[in-house]
Protein chains: 2
Amino acid sequence: MTSSGGGAARAGGETVTGRVFSILEAFDHDHPHLTLTEIARAAALPVSTAHRLVGELAGWGALERGADGAYRIGLRLWEVGSLAPRSVGLRERAMPFLEDLYEATRQNVQLAVRDGHEGVYVERLAHPEAVRLYSRIGGRWPLHGTGVGQVLLAFAPPVVQESVLAGPLTAFTPRTITDPTTLRRVLAAVRRDGVAVCDGLIDLAALSVAAPVRGESDGVVAALSVVVPSPTGPGGIEPRTLVPAVRAAARGISRALGAPTPRLRA
Amino acid sequence: MTSSGGGAARAGGETVTGRVFSILEAFDHDHPHLTLTEIARAAALPVSTAHRLVGELAGWGALERGADGAYRIGLRLWEVGSLAPRSVGLRERAMPFLEDLYEATRQNVQLAVRDGHEGVYVERLAHPEAVRLYSRIGGRWPLHGTGVGQVLLAFAPPVVQESVLAGPLTAFTPRTITDPTTLRRVLAAVRRDGVAVCDGLIDLAALSVAAPVRGESDGVVAALSVVVPSPTGPGGIEPRTLVPAVRAAARGISRALGAPTPRLRA
């Protein structure tokens with residue numbers, strides 16, 4: 001969490017804007033409801049300052065106050081955020097293909113975009129009987145740890161790749177790739193094959209098959225994946241059986257986004 | 001759009017917060033990309049002020065600058081907005097039931113919550129071959145004009161109902177209910193039947209069947225609808241055939257949200 005408050009009463013718009021952001025950042029998936037005192041503490045603001053800013057945020061609808069007196073993120077903020085082209089706009093155009101893939105596989109289907117060194121999940125269709133997912137909509141995972149992340153990283157600008165390869169590469173399971181040389185080789189394979197197959201990188205029980213989604217300029221703008229039980233475990237699924245469906249769906253979304261007709265790959 | 005700027009350099013956090021909101025509100029579905037000059041004009045701010053605040057918003061990720069130099073709403077704002085309990089949280093728990101309804105009907109399925117006098121669409125599964133929808137995710141419609149809106153209004157606090165009935169009740173088609181007495185009677189029927197059937201209120205070609213979704217305290221927290229071709233037009237569908245499926249899905253979502261077991265209705 002970044003915080004620009006720190007309790008000191010500084011003048012100027014930058015400080016107020018920073019304080020507003022630090023209040024919004026006090027909320028996360030594990031802390032969806034916060035009292036005024038909790039907000040002030042998390043944002044490192046005096047309670048009086050937090051009180052005034054929270055009032056302004058609530059007045060606009062960026063925060064909502066519940067019957068319990070605690071605050072939560074307001075619907076209005078989500079509405080404005082839904083205008084982000086990489087969120088609902090992308091998701092809307094991808095949805096028919098995600099639906100088809102979900103119905104065809106009865107597994108988990110995910111769509112993610114890159115933000116810095118992380119993949120952000122903009123859609124997730126989780127089949128009730130499929131393997132448990134650790135992702136959630138609006139959530140993030142480091143690029144090196146997931147199928148969609150490996151795809152997004154493989155097609156990211158070289159400066160981003162080098163920065164991620166420079167580490168640290170956190171291990172989530174014993175199978176997470178934490179060696180930069182190995183990761184570099186894996187990324188080259190993803191570029192060559194147009195698909196990433198990741199077995200047990202975040203959860204030993206789960207395997208992910210991911211493919212790149214291209215936009216108008218033919219650049220990779222998102223990644224699509226299906227997450228299924230690992231073939232090393234009970235009810236496991238052979239990734240080979242999923243690759244054509246994932247690739248086809250990714251190409252369908254790319255076409256819907258106006259990408260040039262993709263080259264045929266072996 | 002509200003604007004607190006107006007060009008005058010006022011001191012105090014309220015003004016800065018208000019300016020930030022007026023910048024965010026410059027963006028809408030028809031204006032997803034704006035130049036700095038356009039933002040300044042829409043937010044009624046001097047370009048220098050807009051420049052500074054837009055820079056701060058972009059630094060945090062609330063805005064993103066495209067290759068064309070124009071700004072758009074940033075992924076970061078959508079991420080924070082996704083923490084709103086009435087957006088992604090509600091949608092996640094509703095999704096399996098929405099999916100089932102979508103698959104069973106091959107039509108359009110919508111989930112909306114009330115914000116003031118409007119319904120806000122938090123999910124929309126639009127079948128490619130189904131009747132065209134005028135709604136969009138994160139979009140709004142007046143309560144009296146839609147199926148989900150009538151349900152949300154029928155179960156809204158009396159003060160909200162009276163305020164909407166006091167008008168004005170905008171006509172979207174010749175069939176939109178604009179007479180308060182008629183609307184009052186319709187709302188009573190929705191409460192009695194636990195379902196709203198709206199034919200041609202927004203689009204003469206579309207019929208909507210909507211039902212209430214209840215939360216933990218048994219209050220109505222959302223409304224679910226299926227939108228199909230009007231039976232008065234080509235390919236029309238008899239609403240009777242949809243009522244049980246819509247009601248069952250709404251009850252399923254209510255149960256998932258922790259609502260008490262609903263009373264059986266005739």
Side-chain angles (χ1 to χ4, degrees), chain A residues 2 11-21 24-25 27-29 32-33 49 52-53 56-57 60-62 64 66-67 72-89 91-92 95-96 99 102-103 113 115 120 122 124-128 136-140 217, chain B residues 2 11-21 24-25 27-29 32-33 49 52-53 56-57 60-62 64 66-67 72-89 91-92 95-96 99 102-103 113 115 120 122 124-128 136-140 217:
Chain A
T2 58
E14 188 179 334
T15 304
V16 175
T17 315
R19 284 171 179 170
V20 166
F21 294 146
L24 295 179
E25 286 179 340
F27 295 84
D28 61 29
H29 191 250
H33 304 159
T49 306
R52 178 170 52 80
L53 291 175
E56 291 176 26
L57 286 164
W60 186 70
E64 287 175 9
R72 53 218 69 188
I73 297 290
L75 196 63
R76 185 89 186 84
L77 203 67
W78 173 78
E79 276 183 71
V80 176
S82 296
L83 296 170
R86 298 207 295 160
S87 66
V88 173
R91 180 264 193 202
E92 283 280 86
M95 200 62 180
E99 287 284 344
Y102 174 86
E103 284 308 315
V113 298
D115 194 49
V120 178
V122 294
R124 198 194 81 148
L125 301 175
H127 198 275
R136 56 182 182 76
I137 295 173
R140 294 172 167 255
S217 63
Chain B
T2 59
E14 187 179 334
T15 304
V16 175
T17 315
R19 284 169 180 171
V20 166
F21 294 145
L24 295 179
E25 287 180 340
F27 295 84
D28 61 29
H29 191 250
H33 304 157
T49 306
R52 177 170 52 79
L53 291 175
E56 290 176 28
L57 286 163
W60 186 70
E64 288 175 9
R72 52 218 71 188
I73 296 291
L75 196 63
R76 185 88 186 84
L77 202 68
W78 173 77
E79 277 183 71
V80 176
S82 296
L83 296 170
R86 299 206 295 159
S87 66
V88 173
R91 181 264 193 202
E92 283 281 86
M95 201 62 181
E99 286 285 344
Y102 174 87
E103 284 308 316
V113 298
D115 194 49
V120 177
V122 294
R124 198 194 80 149
L125 301 175
H127 199 274
R136 55 182 182 77
I137 295 173
R140 294 171 167 255
S217 64

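Chain A is the first sequence line, chain B the second, and so forth, proteins listed ahead of strands; every chain is numbered from 1. As the structure is a computational prediction, the values presented were derived from the model and not from experiment.
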Given that the side chain runs from C-beta out, which part of R76(B) has a heavy atom under 4.5 Å from chain A: side chain, backbone, both or neither?
-> side chain

For each of S217(B), P85(B), P32(B), tally heavy-atom pairs with chain A at distances under 4.5 Å, and name the one with the top tally.
-> P85(B)

Using the test salt bridge (Lys or Arg N to Asp or Glu O under 4.0 Å), find all partners of R86(A) that sit at least two apart in sequence or belong to another chain.
-> D115(A), E64(B)

Verify side-chain contact (heavy atoms from CB on, under 4.5 Å) between V80(A) and W60(A), making sure each step is shown before the conclusion.
-> CA-CA 12 Å; V80(A) 176; W60(A) 186 70; 3.8 Å; yes

Between the CG atom in L83(A) and the NE2 atom in H33(B), the distance rounded to the nearest 0.5 Å is 10.0 Å

Residue pair L77(B), F27(B): steps toward the side-chain contact (heavy atoms from CB on, under 4.5 Å) verdict | CA-CA 13 Å; L77(B) 202 68; F27(B) 295 84; over 6 Å; no

Please tell me if the side chains of M95(B) and R124(A) come closer than 4.5 Å, counting only heavy atoms from C-beta onward.
-> no

Please flag which part of V122(B) lies under 4.5 Å from any non-hydrogen atom of chain A: side chain, backbone, both or neither.
-> both

Looking at S82(B), P96(B), S87(B), which one has more heavy-atom pairs under 4.5 Å with chain A than the rest?
-> S87(B)

Cut-off 4.5 Å, heavy atoms of chain B, and the answer for R140(A) is side chain

Select one option (side chain, backbone, both, neither) describing which atoms of V120(B) are under 4.5 Å from chain A's heavy atoms.
-> side chain

Quick one: of I137(A), L125(A), V88(A), who has the most non-hydrogen atom pairs under 4.5 Å with chain B?
-> I137(A)

Residue list, ring pair (Phe, Tyr, Trp, His ring centres under 6.0 Å) with Y102(A), at least two apart or on another chain = H127(A)

Looking only at G89(A), G81(A), A67(A), the option with the highest number of non-hydrogen pairs under 4.5 Å against chain B is G81(A)

